[in-house]
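Structure first, then comments.
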Amino acid sequence: MEISKKRRSIRRFSEKKVNEEIIDKILDIIKLSPTAGNLDDFKVTVVKSREIRQDLQEVTFVDNAPVVLIFSALPEVSSKYYGKRGKELYSIQDATIACTYAMLAVEALGLVTTWVGNFDEKEVKEIIRGDSMEIPVAILPIGYPPSDLNPKEREGKIPEIKYL
Ligand SMILES: Cc1cc2nc3c(=O)[nH]c(=O)nc-3n(C[C@H](O)[C@H](O)[C@H](O)COP(=O)(O)O)c2cc1C
């Protein structure tokens, strides 16, 4: 509850590096995210390379984040078991859930991020040298908050609630 209330999308980062221990902690939480049929139908790419981060910066909004995580769906894996629904829905949902777990872990560890969805799949896939089967669905640029950060409080909303 506390973490969800505190979280905001932050698009700027301090120069401070993110160490391996922090990255491992985030990956440990991602391991706990549920997937349809407990299948391994998503993939995480951890980008620390300055060169690759710069390439990503050119095609999407990741600013100067010292680490960038890319969450890809593996539709071929879920389609084997769940057919069309697995291919078109489950693997994408599973990659998305994993990204949500990571986003909250980032916040809990005192770092900041913004979910980035606005990118060209092909361009991103090429930059991260993705497998032919993977579809990048979400990107999390991760870093420490800048010192002058003063985030507004969130009001929060649910676009529509229906009670029956
Ligand atoms: C699926 C999805 C895609 C998003 N894509 C982008 C994006 O490409 N660029 C960006 O700056 N923010 C992106 N955001 C962040 C939203 O703009 C942000 O979550 C929303 O404005 C609410 O603000 P908050 O996260 O601070 O509560 C995305 C969020 C989601 C959930």
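What's counted below: heavy atoms across the whole structure, side chains too, no hydrogens, waters or symmetry copies. Residue numbers start at 1 and run along the sequence shown. Atoms within a ligand are numbered from 1 in the order they appear, just like the ligands themselves.
Between Y82 and P75 there is no side-chain heavy-atom pair separated by less than 4.5 Å. Counting only heavy atoms from C-beta outward, the side chains of I22 and Y144 approach each other to under 4.5 Å. Here the side chains of L74 and D40 are not in contact, with every heavy-atom distance at 4.5 Å or above.
Here the protein heavy atom with the shortest distance to atom 12 (N) of ligand 1 is R11 NH2, 3.2 Å. Closest to atom 5 (N) of ligand 1 among all protein heavy atoms lies G117 N, 3.0 Å. From the protein, the heavy atom lying nearest to atom 13 (C) of ligand 1 is W115 O, 2.8 Å. Looking only at heavy atoms of the protein, atom 25 (O) of ligand 1 is closest to S9 OG, 2.5 Å.
Per-atom contact check: atom 3 (C) of ligand 1 touches the protein, criterion being a heavy-atom distance below 4.0 Å. The presence of a protein heavy atom under 4.0 Å from atom 21 (O) of ligand 1 is ruled out.
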Donor-acceptor list for residues 129-143 side chains, cut-off 3.5 Å, not counting sequence neighbours:
residue	atom	partner	partner atom	Å
D131	OD2	K43	NZ	2.8
E134	OE1	S72	OG	2.6
E134	OE2	K43	NZ	2.8
E134	OE2	D131	N	2.9

Output side-chain donor-acceptor pairs under 3.5 Å for residues 157-164, partner residues at least two apart or in another chain, one line each.
none

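The residue among R154, E155, K157 with a heavy atom at the shortest distance from atom 27 (O) of ligand 1 is R154.
Residue V116 has at least one heavy-atom neighbour below 4.0 Å for each of these atoms of ligand 1: 5 (N), 6 (C), 7 (C), 8 (O).
R12 has a carboxylate O that lies under 4.0 Å from a charged side-chain N of D148, or vice versa, which qualifies the two as a salt bridge.
Here the shortest heavy-atom pairing between V18 and V67 reads CB-CG2, 3.8 Å.
Residue N118 has at least one N or O atom closer than 3.5 Å to an N or O atom of ligand 1.
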